[in-house]
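Below you'll find the structure, written out as structure tokens, and then a few comments.
We count residues from 1, following the sequence as given. Scope of the values below: all heavy atoms of this structure, side chains included, with no hydrogens, waters or symmetry mates. All ligand and atom numbering here is 1-based and tracks the order in the structure.
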Amino acid sequence: MQQPIISSSKILRMALPSPLRRLFDYLAPDDWPIEHLKPGVRISVPFGSRTLIGILIDTPEHSDLPTHQLKPALQLLDKTPLLTPSIVNLCLWCADYYHHSLGDTFSIALPALLRRGHDGRLAEPHWCVSVTLDDDLRKQLKRAPKQLAAFETLSQHPKGISRPLLASLNINSAALKALHEKQLVSYEMLEPHKKLPETLLHEAPLPLNPDQKLAVDEISSNLHHFKCYLLQGITGSGKTEVYLHCIEQVLKQGKQALVLVPEIGLTPQTLQRFRQRFNVPVAAMHSGLNDRERMEAWLHVRNNQAGILVGTRSSLFTPLFKPGIIIIDEEHDSSYKQQDSLRYNARDLAIYRAKLENIPIILGSATPSFESLHNAQQQRYQRLLLPNRAAASIPRHELIDLRNQSLTAGMSPQLLQEVHQHLNNGNQVLLFLNRRGYAPTLLCHQCGWVADCNLCDSRMTLHRSPPHLHCHHCDSQAAIPHSCPTCQSIELHPVGRGTERSEEEISELFPGTPLLRIDRDSTRRKDAMAKILKQVHQGSSCILLGTQMLAKGHHFPAVTLVAMLDIDSGLFSTDFRGLERTGQLIVQVSGRAGRAERAGVVCIQSHEPEHPALQQLIHDGYEAFANTLLNERKDLQLPPYTHLVLLRCESSTLQQGQQFLSEVRQIAEDPSNSHSISGDIRILGPIAAPMERRQGRYRNQLLLRSKSRRALHQLLNILVPAMENNPMSRKLRWSVDVDPQEMM
Ligand code: ADP
Ligand code: ZN
Ligand code: ZN
């Protein structure tokens, strides 16, 4: 490659895809127009022996390095920044808040193809006829009827046509290619049209009930500035309808809406409702897309060719051409927090983004996270309530005491009777069991041996189809032994019950009734979930059996009975958020009952029916349940009353990680450091993680807790560089988790 000429000393400060938490300076070649050098443009630069594509952050006057040590940049990839200023700022803030590399943060914001240098143009061939159709031409094409048909159709469109229309007119590309070779048709590369359609709606919106109207009126009258709403509406109260109405107002103003949802694959209905309602293109972004599709969706939103983006966590970083509103559906869902690499919380970042863009944001849930409830109580968010179901009545709840009952397939006699009754009435029944596989473990009846994972402090789950032992923590697998590895006895018994086993037992009890199992194993194949959902929506009597995948926002109109077979493990979790999650899960699963005309029943089986939190949840509702637990959190100085940072470390020996984190603690407690910190910080650890060994590595953690976020960040500004520079850090893995959701 030709060396660029460098005479000036225009400095480019770049974020590069690297885990290093720093920026890199380069020099701009003379012939690069200064007006193109705006934050957010992509530039390729030499990095060691490689070429990297980075994002321009700044063009400072001075570098810390002398100019002659700076290398010239190689190529300017964009004339205008691909990333809007607010996304650049969002990434800056995000990297700073989560103490992560800025370059890696941008890697999450940009689709892979753009990261690798794709020019971001979506030009496609636009086909036109080059000659007129006459008898000679008809004769010439007589033997090629497909080409003749294609030519005839294309002749009817003198301005030419491109991809989607070509397909719908049944013009195939082979015919076009042949006609092109005969020079009868030609094409030019054109970007798809950019204007959004004039009419916004496909179908008339539902008339709102008074609660919904109050919410929509309030939000619609505040579309021009930042405001955070907590839309707290019970399951089936019509929250989605509120979103749709608010989005309509936003679209009317020529602006766009960003809607985050936990998982699209599980609830294709949500996306469908948006597409059914609106005439404007709705872009979707989720893990099922390939690189090209993901980039297309991203660019459509960025270039204002889509009015709405519905996507999962990382779609939050998609630039909007004209941002109008952000909606976080099921805001309590733990999938908004990324659990590795950049451990960001998309809900929290979305609030910051709404502030940057100066637009409203709606957090919607039937079971708001305690953080959001607390923020609403502190008047930081405005609360909007939907206390009634929009089109159905609230289901009746039954708490069933399992103690001393004889169980059949994990069901008490009372539940069995209910199931029979609902099926006999032609309804659907949903059974919830939050454990996949056949049985949680395999036990030797002679000597007590259990199938442990070799790499983790955990048991291996027994699976029957296909038969194997599987560790759900590290994914390692093993064959099922024929006899006990310790005493050679062949009396090996499955202990406990997972969905596979329940499926087997319950099918035997209800031989004539279809049973649909929904868990990660049964839905692994592409489209498997869609197939199951299709059958459920046909509405005939069946049993749905599954894990928490069933809890997520589904609308099953024919389900009248929901039963939770065993919730006890959720009542005794070691994590301080355990009860919060269990409460949310119970309410969300229960919310699948009786969502249409037919009234619903919810049965909850437990050996601890007197558990006070459970009692309160069922008798007084989620909010009362949450308030009691919030008071406990306050007494114990736990979030949301304090803030946490978890420093994790994985190493090949237990001692290594403990030493590393002990050194971190020493630095934190060094008086010369602590006096520069503006608040009290409690430090706990290093201690072994609740699961001490996982995937063959020992896990330790150091917990930092404070009432002051600022103090925590000040401390991290000292600790993170110290960890990076500690020579031990190369022999182990460590990470920083700001506002951790899992204490594992
Ligand atoms: P949520 O998102 O709160 O669970 P949905 O928006 O899915 O609730 O609404 C639940 C059901 O109620 C849906 O079938 C929906 O069509 C219906 N619904 C919502 N709002 C209204 C309304 N204003 N009038 C009639 N039916 C409604
Ligand atoms: Zn044995
Ligand atoms: Zn394991």
Side-chain angles (χ1 to χ4, degrees), residues 203-216 231-247 259 261-262 267 269-274 276-277 327-331 362-368 384-394 441-461 469-478 481-493 537 551-559 587-597 600 691-697 699:
E203 56 166 28
L206 294 174
L208 298 174
N209 65 36
D211 295 320
Q212 289 173 318
K213 188 167 182 318
L214 221 59
V216 171
L231 179 63
Q232 190 178 348
I234 64 167
T235 54
S237 59
K239 294 182 289 295
T240 312
E241 199 54 43
V242 170
Y243 305 153
L244 294 169
H245 277 256
C246 293
I247 292 174
V259 183
V261 293
T267 50
Q269 286 172 70
T270 310
L271 183 60
Q272 216 178 315
R273 266 174 89 180
F274 284 85
Q276 242 164 30
R277 177 66 55 88
I327 292 164
I328 314 289
D329 190 27
E330 310 291 0
E331 68 87 32
I362 309 176
L363 311 181
S365 177
T367 52
L384 301 167
L385 294 173
L386 304 179
N388 300 301
R389 280 195 157 177
S393 53
I394 294 175
T441 196
L442 191 64
L443 171 83
C444 170
H445 187 59
Q446 288 296 322
C447 75
W449 169 88
V450 285
D452 284 324
C453 175
N454 287 332
L455 299 174
C456 308
D457 291 333
S458 83
R459 304 271 154 87
M460 300 204 61
T461 302
L469 294 168
H470 197 148
C471 172
H472 290 175
H473 298 284
C474 72
D475 226 21
S476 66
Q477 301 179 25
H482 295 292
S483 57
C484 172
T486 321
C487 75
Q488 276 71 49
S489 149
I490 53 162
E491 270 196 83
L492 296 177
H493 296 305
H537 286 292
K552 311 241 170 181
H554 297 283
H555 185 60
F556 300 134
V559 168
V587 174
Q588 294 290 346
V589 176
S590 306
R592 305 311 117 207
R595 290 175 64 93
E597 308 83 52
M691 185 184 290
E692 186 174 305
R693 204 168 64 105
R694 181 164 167 170
Q695 224 167 356
R697 304 176 71 85
R699 306 157 77 234

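The shortest N or O to N or O distance between Ala390 and ligand 1 is not below 3.5 Å. At least one N or O atom of Gly238 sits closer than 3.5 Å to an N or O atom of ligand 1.
Using the six-membered ring where Trp is involved, His472 and His470 have ring planes that are perpendicular, over 60° apart on the 30 and 60° scheme. Taking the six-membered ring for Trp and thresholds of 30 and 60 degrees, His493 and His445 have ring planes more than 60 degrees apart, a perpendicular arrangement.
With a heavy-atom cut-off of 4.0 Å, Arg273 touches ligand 1 through its side chain alone. When heavy-atom distances to ligand 1 are checked against a 4.0 Å cut-off, Arg389 has no atom that comes that close, whether in backbone or side chain. Both the backbone and the side chain of Thr240 come within contact range of ligand 1, each with a heavy atom under 4.0 Å. For Pro557, no heavy-atom contact with ligand 1 is shorter than 4.0 Å.
Residue Leu208 approaches ligand 1 through these ligand atoms, each under 4.0 Å from one of its heavy atoms: 23 (N). Near Asn209, meaning under 4.0 Å from one of its heavy atoms, ligand 1 places the atoms 23 (N). Every atom of ligand 1 is numbered from 1 in the order shown, and the set under 4.0 Å from a heavy atom of Glu241 is 6 (O), 20 (N). Listed by number with element, the atoms of ligand 1 under 4.0 Å from a non-hydrogen atom of His555 are 14 (O).
The protein heavy atom nearest to atom 20 (N) of ligand 1 is Gln212 NE2, 3.0 Å. Nearest protein heavy-atom contact of atom 27 (C) of ligand 1 is Leu206 CD1, 3.4 Å. Given atom 24 (N) of ligand 1, the protein heavy atom at minimum distance is Pro207 O, 3.8 Å.
Without hydrogens or angle criteria, Asp457 side chain to Arg693 main chain gives a donor-acceptor distance under 3.5 Å.
The closest approach between any non-hydrogen atom of Gly233 and ligand 1 is not below 4.0 Å.
Side-chain contact annotation: His555 with Arg595, donor-acceptor N/O pair under 3.5 Å present.
Of the listed residues (Gly591, Pro205, Ala391, Ser237), the one carrying the non-hydrogen atom nearest atom 17 (C) of ligand 1 is Ala391.
Distance check for Cys474 against the Zn ion (ligand 3): an N/O/S atom falls below 2.8 Å. At a threshold of 2.8 Å, the Zn ion (ligand 3) has a backbone or side-chain N, O or S atom of Cys471 nearer than that distance. The Zn ion (ligand 2) has no N, O or S atom of His445 closer than 2.8 Å.
Expressed to the nearest 10°, the angle at the Zn ion (ligand 3) joining SG in Cys456 with SG in Cys453 is 110°.
Among Glu331, Gln588, Gln232, the one residue that satisfies the side chain to side chain donor-acceptor pair (under 3.5 Å) test with Thr367 is Gln588.
A salt bridge does not link Lys239 to Glu330: none of the charged side-chain nitrogens sits closer than 4.0 Å to a carboxylate oxygen.
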